[in-house]
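The structure appears right after this line, and notes come after that.
This one's a predicted model, so the numbers in the text were calculated from it and none came from an experiment.
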2 protein chains.
Amino acid sequence: MKIGELSKRTGVSIRMLRYYEAEGLLKPRRAASGYRDYDTAEERTVERIKLLGSGGMTLATIRQFLPCVRGEGPVFEPCDELRTVLHEQIRLADQKAEKLAQSRRILRHFLLEIEQP
Amino acid sequence: MKIGELSKRTGVSIRMLRYYEAEGLLKPRRAASGYRDYDTAEERTVERIKLLGSGGMTLATIRQFLPCVRGEGPVFEPCDELRTVLHEQIRLADQKAEKLAQSRRILRHFLLEIEQP
DNA sequence: CTTGACTCTGACAGCGTTGTCACAGTTTAA
DNA sequence: TTAAACTGTGACAACGCTGTCAGAGTCAAG
């Protein structure tokens, strides 16, 4: 699958697909022409990156647990470290969610304030 | 209160306090020396900006409902518009929370994957 | 073969936020 | 008075992401 098709399938711009690669998150095969050739595993990877990214995660961070993102199954070497990173990221996500909720509360507070004269 | 004290009280850097002002979110009085002079109302404003910002809101966005942030009570002119903006922002916050939860779910999924060989 | 659509690389710019630096003026305490 | 700590302004840089543009090569259909 060429980059244009992957872009349409995932909704991720061609620009960003190339950027993912530059950041080391994708390594598509290359055709003789030099064109990138993605397989379906890579499509799934892109979907995961998209979701993690929309949660406010940096590509550099995502790269930390790339084996998971790639779905390469159980990891040997960095498994412990990986677990630590994952726990930390979950903690950060919770923290972020709390901030968001707090922010939302303020907005609702404002709303009540101006809706009750 | 001078900028250094406000910074210590709120935990917002001096740099950012000046930035808030440059973006039109604060208008502290000036002493004869040119030094900024903040009152307690402005301190509360900073706290609110901090919370809204930590929820991922842009200063330009926050400026839209500045009367609320400043706590200037009921607003006349832009009240309807303000309500619309607030509703929209709450909707966006919910949307962001949903993405965050989705992202978190993926992280937990990874965690389970590598914890069960 | 020709044409239009696609892809390649590399560079530049912008967003909003944040730190830092330099240089000048002000306040405060010794 | 002098020195240290603070404040002022303005500029520069960097972060991570994203679009766009230019110039060259490739593919697919007429």
Side-chain angles (χ1 to χ4, degrees), chain A residues 1-39 42-43 46-64 66 69 89 92-93 96 99-100 103, chain B residues 1-39 42-43 45-66 69 89 92-93 96 99-100 103:
Chain A
M1 161 178 19
K2 285 187 285 188
I3 200 170
E5 189 185 345
L6 182 59
S7 174
K8 270 167 200 154
R9 283 203 194 186
T10 59
V12 175
S13 74
I14 291 179
R15 176 67 176 87
M16 288 313 293
L17 289 175
R18 293 202 264 243
Y19 185 56
Y20 288 177
E21 183 176 348
E23 292 296 303
L25 300 179
L26 291 174
K27 297 202 200 304
R29 263 176 283 107
R30 295 296 186 121
S33 58
Y35 284 15
R36 291 169 178 83
D37 183 22
Y38 300 90
D39 54 32
E42 258 150 343
E43 178 175 351
V46 170
E47 292 291 354
R48 286 176 164 184
I49 294 174
K50 205 170 63 156
L51 286 175
L52 291 171
S54 72
M57 203 157 301
T58 278
L59 291 190
T61 302
I62 297 175
R63 189 176 37 218
Q64 286 189 287
L66 197 56
V69 181
Q89 287 304 313
L92 287 176
K96 206 176 285 186
K99 290 286 189 186
L100 193 53
S103 176
Chain B
M1 165 179 15
K2 286 187 284 189
I3 200 169
E5 189 185 344
L6 182 59
S7 174
K8 270 168 201 154
R9 284 203 194 185
T10 60
V12 175
S13 74
I14 291 180
R15 176 67 176 87
M16 288 312 293
L17 289 174
R18 294 202 264 243
Y19 184 55
Y20 287 177
E21 181 175 350
E23 292 296 303
L25 300 179
L26 291 174
K27 295 200 201 306
R29 264 176 280 107
R30 295 297 185 120
S33 58
Y35 283 16
R36 291 168 179 84
D37 183 23
Y38 301 90
D39 54 32
E42 259 150 342
E43 179 175 349
T45 300
V46 170
E47 291 291 355
R48 286 175 163 184
I49 293 174
K50 204 170 61 157
L51 286 176
L52 291 170
S54 73
M57 204 158 301
T58 278
L59 291 189
T61 302
I62 297 175
R63 189 175 38 219
Q64 287 188 287
F65 37 89
L66 197 57
V69 181
Q89 287 304 313
L92 287 176
K96 205 174 287 187
K99 290 286 190 185
L100 194 52
S103 177

Practice task
For Met1(A) and dC6(C), give me the distance from atom CE to atom P, rounded to whole Å.
Solution key: 16 Å

Handout entry: Glu21(A) CD to dC17(D) P, straight-line distance once rounded to whole Å
Key = 16 Å

Exercise for the section: Answer yes or no: is there a donor N or O on one side and an acceptor on the other, between the side chain of Lys50(A) and the main chain of Thr10(A), under 3.5 Å? Expected result: yes

Handout entry: Ser7(B) vs Val12(B) side-chain heavy atoms within contact, under 4.5 Å
Key = no

Handout entry: Identified side chain to side chain contact (heavy atoms under 4.5 Å, CB included) counterpart of Glu21(B) within the set Lys27(B), Glu42(B), Arg36(B)
Key = Arg36(B)

Practice task
Rounded to the nearest angstrom, tell me the gap between atom CZ in Arg18(B) and atom C1' in dT20(C).
Solution key: 12 Å

Practice task
Assess whether one donor atom and one acceptor atom, taken from the side chain of Arg15(A) and the base of dT20(D), lie less than 3.5 Å apart.
Solution key: yes

Problem - Interatomic distance where CD belongs to Glu5(A) and C1' belongs to dC6(C) [whole Å] - result: 13 Å

Fill in the blank from the handout: Whole-Å distance, Leu59(A) CG to dT18(D) C1', equals 12 Å

Practice task
Side-chain contact test, heavy atoms from C-beta onward, threshold under 4.5 Å: evaluate it for Leu52(A) versus Ile49(A) and give yes or no.
Solution key: no

Completion exercise
Among dG19(D), dT7(C), dT27(C), the one nearest any side-chain atom of Tyr35(B) is dT27(C)

Exercise for the section: Could you please name the option among dG8(D), dT17(C), dC17(D) that lies closest to any side-chain atom of Met16(A)? Expected result: dC17(D)

Fill in the blank from the handout: In this structure, CG of Leu92(A) is separated from NZ of Lys96(A) (nearest 0.5 Å) by 7.0 Å

Handout entry: For atom CZ of Arg63(A) and atom P of dG16(D), their distance in whole Å
Key = 9 Å

Handout entry: dC27(D) phosphate, OP1 or OP2, under 4.0 Å from Ser33(A) side-chain N/O
Key = yes

Handout entry: Residue met sooner reading DNA chain D from 5', once Ala31(A) and Ser13(A) are mapped to nucleotides
Key = Ser13(A)

Exercise for the section: Check every atom of dC8(C), dT17(C), dG19(C) against the side chain of Ile3(A) and return the nucleotide holding the closest atom. Expected result: dC8(C)

Practice task
Starting from C1' on dT20(C), measure out to OH on Tyr19(B) and report it in whole angstrom.
Solution key: 16 Å

Practice task
Please check the phosphate of dC15(D) (OP1 and OP2 only) for any side-chain N or O of Thr58(A) closer than 4.0 Å.
Solution key: no

Practice task
Grab the CD1-C1' distance between Ile14(A) and dC21(D) for me, whole Å please.
Solution key: 15 Å

Exercise for the section: Ignoring the backbone of Arg30(A), work out which of dT9(D), dG19(C), dT9(C) is nearest its side chain. Expected result: dT9(C)

